Amino acid sequence: MPDSDTKSPEIPKAYDPKAIEARWADFWVKEKLAEPEASSKKPPFVIVIPPPNVTGSLHMGHALNNTLQDILIRWKKMSGFDALWVPGTDHGGIATQNVVEKLLKSEKKSRYDLGREKFLERLWQWKKESGDTILMQLRRLGCMLDWSRTHFTMDEKCSQAVLRAFLDLYKKGWIYRGKRMVNWCVRCRTALSDIEVEFEERKDKLYHIRYPILSGKADGWQGKPLVVATTRPETLLGDTAVAVHPDDPRYEKIHGWWVQLPLVDKEIAVISDAAVDPKFGTGVVKVTPAHDPADFEMGERHHLEQVVVIGFDGKMTPEAGRYAGLSREECRKKILEDLEAQGLVEKIEDYPHSVGTCYRCGTVIEPLVSDQWFLNTKEMSKEAGDATRKGGVKIFPDSWTKPYLLWMDNLRDWCISRQIWWGHRIPIWYCVPGEGPEHPSLRTSCPPVASADSPGKCGRHGDRSPEETAGQHFEQEPDVLDTWFSSALWPFSVFDWPDPVPEFKKYYPTSVLVTGHEILYLWVARMVMFGLAFQKKVPFSQVFIHGIVRDKSGKKMSKSLGNVVDPLVMMEKYGTDALRFVLASQSVPGRDLQISDDSFVGARNFANKIWNMSRFVFMNRGTGPASKDAPLELCDRWILSRFQETARSVTGSLESYNIAQASRTLYQFLWSEFCDWYVELAKARMKESLWILEQILSGSLRLLHPIMPFITEELWRGLGRTGSLLLEEYPEPEPKWMDKEAEEQMAVLMDVVSAVRTVRSEMNVPPGNKIALVLSVAEDSQKSFYQEHLSYIRHLCKAENISIGKGLAKPLKAATAMVRRTQIFVPLEGLIDFDKEKTRLAKEVQGLEADLEKLKARLSNPDFKKNAPVEEVQKAEARQAESAEKLGRMRDLIASF
RNA sequence: GGGCAGUUAGCUCAGCGGCAGAGCGUCCGCCUUACACGCGGAGGGUCGCAGGUUCAAAUCCUGCACUGCCCACCA
């Protein structure tokens with residue numbers, strides 16, 4: 001018996017991804033297959049990568065995001081498009097600065113110890129190491145990125161784009177500086193925008209605190225304190241009023257009274273404001289204008305004093321008197337102790353509520369008043385919303401359109417300044433006299449100057465004599481821009497705007513943006529706004545939103561939870577194609593992905609199955625030439641038809657971004673149809689089948705290539721082809737090979753074979769034993785059909801001496817007896833009851849016909865078309881077409897019996 | 001408080017008007033000359049609950065329950 005391993009020593013029995021992956025990844029780069037053909041007449045298909053932050057290495061979310069993009073790029077390239085995928089990385093603002101600060105911490109240093117310049121040097125050094133790692137890892141994933149266009153959000157070109165964009169917006173008056181309450185992270189020591197705050201549900205306490213009443217002797221209030229409810233007793237030190245709802249009958253007599261602020265020698269007024277919810281707590285609220293956004297606004301309305309008791313470092317300020325220097329948490333504890341001591345705590349309730357935290361470090365946000373730069377997005381967001389409503393930006397799945405528009409329509413001004421050092425320094429210059437407060441704006445009375453370079457003079461001092469302006473110099477705004485500012489320019493900064501490369505016209509707007517829903521507002525919405533503002537065109541016409549990678553139990557993967565599945569480890573262990581297949585086959589539109597270590601085994605096995613199926617074909621090529629001219633018989637017609645249907649379905653799924661469906665269709669076809677049935681049948685008639693085997697294999701490799709590029713390239717070579725699959729055409733379904741009759745007939749035979757196998761198994765006939773088979777059919781007319789395909793049944797059931805008769809039905813007991821003589825009797829009457837099937841189908845056809853009649857009547861009614869909403873009419877028409885098509889299919893099916 | 005998903009086999013999930021499915025796990029039998037990372041077979045389901053529409057509902061509509069996510073100045 002010839003051993004297959006000695007027969008083809010160069011093809012190992014088990015697929016070993018490691019042996020080939022690096023080779024192909026290099027090949028694609030070396031052959032410049034990812035570079036577009038700008039001068040070709042092919043229509044462009046362009047994706048710009050969501051640039052990973054340079055914070056470390058590739059995680060599963062990156063692997064998913066980039067696998068999906070690569071699938072689209074490869075598919076479109078094979079489908080005749082001029083495909084371009086632009087790579088790059090993001091400086092990542094706070095996220096990256098935090099990473100380096102953590103490194104410094106291990107050296108027991110802070111960024112202030114190093115100073116701005118030295119600290120930035122460290123960051124650039126880190127960027128160099130981390131950024132290139134990520135790009136290399138993307139290459140290992142197989143990503144067909146055009147590396148010659150790699151950008152970094154802080155490189156020279158992107159910085160030019162940021163500068164230009166800032167100055168344009170500043171000139172329009174949309175960027176302004178203002179003293180506002182912002183979300184302050186006391187750990188990162190910077191302001192954050194509203195969407196950079198993440199709310200976290202916490203089991204907290206609601207403290208009811210007594211504020212003694214000082215004035216008034218109206219009925220019922222003698223000696224009683226006013227009780228306020230708060231979750232933050234420590235802010236009491238900054239209270240400048242208490243408030244009630246104007247129409248609250250319980251408190252209508254006490255408006256304008258005075259109460260004693262506990263622990264502080266201070267009297268504060270009772271004000272009335274409609275923002276107070278009478279149903280909350282006691283209906284009385286303490287007002288701390290310096291430390292709560294709602295109170296801040298209330299303070300503005302009532303001209304209340306702002307008493308800052310918590311500083312930018314999260315510690316109590318000197319204003320907090322004897323509590324100064326304590327942290328927020330310590331202060332709360334101390335305050336409560338002191339209040340208890342004075343009997344001023346009425347009660348403490350459990351109170352679950354959500355607390356704002358920093359999206360980068362998780363520290364509880366402190367609302368603080370500070371000077372910040374803001375971008376008024378009113379006009380931009382309106383334009384962006386309208387563009388989306390008009391269909392200029394289509395979001396898949398559509399369920400995200402509504403929340404996206406809701407956000408866009410309710411935008412408040414964007415706080416774009418950050419008090420960190422890593423990022424684009426704001427191009428504003430102040431003309432200042434000399435030493436003084438830290439921030440240059442506090443040292444000058446001159447208006448700030450927006451400029452690309454350090455300006456030589458400001459508007460006010462420009463025409464004065466040098467003596468008058470002695471000591472005057474210019475200092476740049478120390479703040480940097482929110483990292484998402486440069487991200488919002490990404491779709492055109494990668495093409496070197498404001499001095500774009502010549503092919504910019506062809507490649508902008510891009511085709512599709514592929515991203516997870518967690519940055520829909522943070523990034524996608526802002527790209528649309530900036531695209532319209534600076535290019536007058538939306539940056540992409542489609543947005544493909546994929547899910548978030550979660551662990552086995554549905555939790556988000558995070559280092560702190562220790563539930564991360566590292567894509568690099570999985571690639572190493574199971575192969576990159578297996579990783580890609582897992583991610584692809586789990587990417588159901590609108591759903592998050594749940595991935596665990598063992599998700600990969602199935603995908604690895606699938607790769608191995610394809611490997612061995614191909615190996616089988618290769619082995620048989622050696623036995624003789626494939627005969628193109630062998631007449632096609634049923635199983636050939638069947639598999640050819642199934643292949644066309646598979647190609648049709650896969651393309652359709654890809655077009656609607658249903659990557660999971662495309663992957664599963666291919667899996668099902670290759671394993672359960674091609675391998676399990678056709679390849680088995682082919683063994684009995686290799687000479688006649690070889691050509692079809694090769695055809696289907698070659699087509700399948702092409703169909704599968706975008707999802708599993710490595711193994712398919714390797715097998716393509718094994719098939720004796722040269723070049724890359726990327727240069728081959730993506731299979732299109734050919735109607736001439738569609739064969740409903742063959743599919744129906746094969747389905748019947750497959751059912752028969754299954755039935756026989758079941759009986760064999762139930763009767764404990766060893767798989768190796770041949771059996772004699774008696775098939776009992778319902779009608780004489782069916783005999784010829786089975787007779788004609790006896791060889792299939794013989795081969796797949798290991799049967800010989802098959803006899804077919806009509807009405808041979810006997811109880812299964814009889815079959816048992818017969819098995820002893822290795823004869824199996826299989827009644828087919830019950831298995832495939834043609835009459836019953838026909839009746840069922842006839843009923844369905846009747847239903848469809850009735851439905852169609854009704855629709856027709858409705859649509860031909862002129863009143864309906866006139867009065868019904870447009871969508872209603874369209875829906876009816878669509879349903880009519882659908883039903884008609886289905887009816888046709890049904891009738892064909894019945895006819896095939 | 002508002003919005004959006006989800007609830008289908010022991011587990012993870014497809015299906016989304018026309019015969020309830022896959023992978024994994026379980027059980028039985030097989031190293032059948034591509035593959036034991038494999039082959040054949042079996043068992044396993046009131047499709048969350050309650051109504052409604054329909055000739056026909058896991059699928060469409062209404063309500064409810066639970067889970068998750070997003071949004072909101074829950075002091």
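No experiment lies behind these values; they were computed from the predicted model shown. Naming convention: chains lettered A, B, ... in sequence-line order (proteins, then strands); numbering from 1 in each chain.
Inspection of the A/K286 and A/T235 side chains reveals an N or O donor paired with an N or O acceptor under 3.5 Å. A donor and an acceptor atom, one from each side chain of A/T231 and A/D204, are nowhere located under 3.5 Å apart.
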Tell me which donor-acceptor pairs under 3.5 Å the side chains of residues 603-610 of chain A have, and how far apart each pair is, sequence neighbours excluded?
from, atom 1, to, atom 2, distance (Å)
A/N608, OD1, A/N612, ND2, 3.3

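Between A/E200 and A/R202, at least one side-chain N (NZ, or NE/NH1/NH2) sits under 4.0 Å from a carboxylate O, which counts as a salt bridge. Under the 4.0 Å criterion applied to side-chain N and carboxylate O atoms, A/R328 and A/E366 are assigned as salt-bridge partners.
A/K402 comes within 4.0 angstrom of sugar-phosphate atoms only, judged by non-hydrogen atoms across all strands, and of no base.
B/G15 and B/G40 have their P atoms separated by 26 Å, given to the nearest Å. Look at the C1' atom in both B/C37 and B/A5: the space between them is 36 Å, to the nearest Å. Comparing B/C16 with B/G6, their P atoms are spaced 12 Å from each other, to the whole Å.
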Which nucleotides of nucleotides 54-62 of chain B have their base under 4.0 Å from a protein heavy atom (B), which only their sugar-phosphate (S), and which neither (-), written as one string 5' to 3'?
-> -B-------

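Geometrically, A/R526 does not engage A/Y521 in a cation-pi contact, judged by NZ or CZ lying under 6.0 Å from the ring centre and within 45° of the ring axis.
Under the side-chain hydrogen bond (donor to acceptor under 3.5 Å, both in side chains) criterion, A/S585 pairs with no residue at all, not counting sequence neighbours. With sequence neighbours excluded, the residues satisfying side-chain hydrogen bond (donor to acceptor under 3.5 Å, both in side chains) with A/R301 are A/D273. Listed by chain and number, the residues in a side-chain hydrogen bond (donor to acceptor under 3.5 Å, both in side chains) with A/E673 are A/R642 (sequence neighbours excluded). Applying the ring-ring contact (aromatic ring centres under 6.0 Å, His included) rule to A/H517 yields the partners A/W400; only residues at least two apart in sequence or on another chain are considered. Scanning for side-chain hydrogen bond (donor to acceptor under 3.5 Å, both in side chains) contacts around A/W414 gives A/D482, with sequence neighbours left out. Checked against ring-ring contact (aromatic ring centres under 6.0 Å, His included), A/Y359 has no partners two or more places apart in sequence or in another chain.
Side-chain N/O atoms of A/H517 include none lying less than 4.0 angstrom from OP1 or OP2 on B/C69.
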Contacts under 3.5 Å, N or O only, protein and nucleotides 36-42 of chain B:
from, atom 1, to, atom 2, distance (Å)
B/C37, O4', A/N605, OD1, 2.8
B/C37, O2', A/N608, OD1, 2.9
B/C37, O2, A/R604, NE, 3.1
B/G38, OP1, A/N605, ND2, 3.1
B/G38, O3', A/K609, NZ, 3.1
B/C39, OP1, A/K609, NZ, 2.7
B/C39, OP1, A/W671, NE1, 2.7
B/G41, O3', A/T758, OG1, 3.1
B/G41, O2', A/S761, OG, 3.3
B/A42, OP1, A/T758, OG1, 3.3

Look for any protein N or O under 3.5 Å of an N or O in nucleotides 6-9 of chain B and output each such pair with its distance, or none.
from, atom 1, to, atom 2, distance (Å)
B/G6, O3', A/R591, NH1, 3.3

Canonical and wobble pairing (Watson-Crick, G-U, under 3.5 Å) of RNA chain B, dot-bracket with | | ((((((((.[[[[.)..(..]]]].(((((.......))))).....[[[[[..)....]]]]])))))))....

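A heavy atom lying under 4.0 Å from RNA chain B marks the following residues of residues 231-239 of chain A, by number: A/T231.
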